[in-house]
Amino acid sequence: MRLSPHIVWLLVLVLPTGCERKQRQFEAEAQTIFSLIKMVESYQIDHLDVRITNFGQVFAGLGKEYPHVWHAQFQAFGTHAGFTNSFFEKYVFLPTGITNRRIEGEILFMNARPYPGPDREMKRTLVAKEIDGFVRQSFSENTIQKILSESGVIEPKPMPMPPPPAPPDRPPMPVSAKVSRFFMRVADFVGLSGHWLTLRNATFLTSLAAMLVMGGFLWASRSRR
């Protein structure tokens, strides 16, 4: 069902800026692990024979700063954030040579702690390296324990990490960027994703026209006195 331009304009005026749908944790987990796989791939190009034991090592080897954005993103999930002090505690690497029939390749790393999946079942994601690249797959906590048991592996614990350094100072977001982000959120909310620019321009033009009409009405009223 498409909303009429009048309803869309009304929603733009009355909706709060917090109308953006909150990301679910399993979505954040999938996106983050995808990025981490790319980082591991880059790290191993120059450190082919170096065994990875934690992501602090990977970030340092790539010359990257502490991931404050990911830290804050997962802290928002509370008890299921997956770490205590540092984001680098969120994943654990397994000993070399570990394989299992449920996933192709050699298992590299996995979530140190389970997180709620789409059906609220507690899950972890395994990442394995195969001939053609990397593969990731999520399993229930019960299956994870079976994989560890079948592989003869004691569940690895994350390396304790100190709290991260203070995040660098960021310049304030320009007003134009805040306005654009607001209209992106509204467009997504009313089913007009990808058309936020049109929505923004239409809103401004409608508001300008309304002010001109109101100004003309007030001028005409004073002229008749």
message: Assess the residue pair L36 and F134 against the criterion (side chain to side chain contact (heavy atoms under 4.5 Å, CB included)); give the C-alpha distance rounded to whole Å, side-chain angles, the decisive distance to 0.1 Å, and a yes or no.
response: CA-CA 11 Å; L36 291 174; F134 295 83; over 6 Å; no
query: Is the distance between the ring centroids of F26 and Y115 under 6.0 Å?
result: no
message: For H80 together with F74, are the ring centres under 6.0 Å from each other?
response: no
query: Would you say the ring centroid of F88 lies under 6.0 angstrom from that of F59?
result: yes
query: If you measure from OG1 on T96 to CD1 on I52, what distance do you get to the nearest 0.5 Å?
result: 12.0 Å
Pair N100-K146, side chain to side chain contact (heavy atoms under 4.5 Å, CB included): steps then yes or no: CA-CA 10 Å; N100 187 271; K146 289 181 180 179; over 6 Å; no
query: Does atom CG of L212 have more than 12 heavy-atom neighbours from other groups under 6.0 Å away?
result: yes
statement: Between T125 and N111 the two heavy atoms that sit nearest each other are N-OD1, 2.9 Å
statement: Between the CE atom in M122 and the CD1 atom in I144, the distance rounded to the nearest 0.5 Å is 12.0 Å
- prompt: Do F34 and V40 belong together in a cluster built from hydrophobic side chains that touch within less than 4.5 Å?
  reply: no
Residues E89 and K157 bridged, charged N to O under 4.0 Å: no
message: Just so I know, are the side chains of I107 and K129 near enough to count as touching, which here means a heavy-atom distance under 4.5 Å?
response: no
task: Evaluate the side-chain proximity of F83 to Q75: yes if any heavy-atom separation is below 4.5 Å, no if none is.
output: yes
task: Determine, for R124 against E141, whether the closest basic-nitrogen to carboxylate-oxygen distance falls under 4.0 angstrom.
output: yes
message: Distance alone, cut at 3.5 Å: any donor-acceptor contact between the side chains of Q31 and Q23?
response: yes
- prompt: Could you state the interatomic distance from CD (Q137) to CD1 (I33), rounded to the nearest 0.5 Å?
  reply: 12.0 Å
message: Distance check, rounded to the nearest 0.5 Å: E130 atom CD versus I103 atom CD1?
response: 8.5 Å
query: Which distance, rounded to the nearest 0.5 Å, do you find between the OG1 of T143 and the CG of L126?
result: 10.0 Å
query: Are N54 and Y91 close enough that some pair of their side-chain heavy atoms sits under 4.5 Å apart?
result: no
message: Testing the basics here: between P95 and I98, what is the closest heavy-atom pair and its distance to 0.1 Å?
response: O-CG1, 3.2 Å
- request: Report yes if the side chains of V127 and M110 come closer than 4.5 Å at any heavy-atom pair, otherwise no.
  value: no
field: salt_bridge(E150, R101) N-O dist < 4.0 Å
entry: yes
- request: Have a look at F55 and tell me which of Y66, F93, Y43 forms a ring-ring contact (aromatic ring centres under 6.0 Å, His included) with it.
  value: F93
field: Flag side-chain contact, heavy atom, 4.5 Å: N85 against P162
entry: no
statement: On a heavy-atom basis, the closest approach of T99 and E106 is CG2-CA, 4.1 Å
query: Would you say R51 has more than 12 foreign heavy atoms packed within less than 6.0 Å of its CZ?
result: yes
- request: State the CD-OG distance between E155 and S149, to the nearest 0.5 angstrom.
  value: 12.0 Å
message: What I'd like to find out is whether the side chain of F109 reaches to under 4.5 Å of the side chain of L94, using heavy atoms alone.
response: no
- prompt: Do you know the tightest heavy-atom contact between H47 and G61?
  reply: CE1-O, 4.2 Å
- request: For residues E121 and S140, report the shortest heavy-atom separation together with the two atoms involved.
  value: OE2-CB, 3.3 Å
field: Over all atoms of both residues, closest heavy-atom pair of H68 and P164
entry: CE1-CB, 4.3 Å
field: K90 with E29: basic N within carboxylate O range, under 4.0 Å
entry: yes
message: Determine whether a donor-acceptor pair (N or O, by modelled atom type, separation under 3.5 Å) exists between the side chain of Q57 and the backbone of T53.
response: yes
query: Does a side-chain heavy-atom distance below 4.5 Å link K123 with F139?
result: no
query: Linking I/L/V/M/F/W/Y whenever any side-chain heavy atoms sit under 4.5 Å apart, do L108 and V135 land together?
result: no
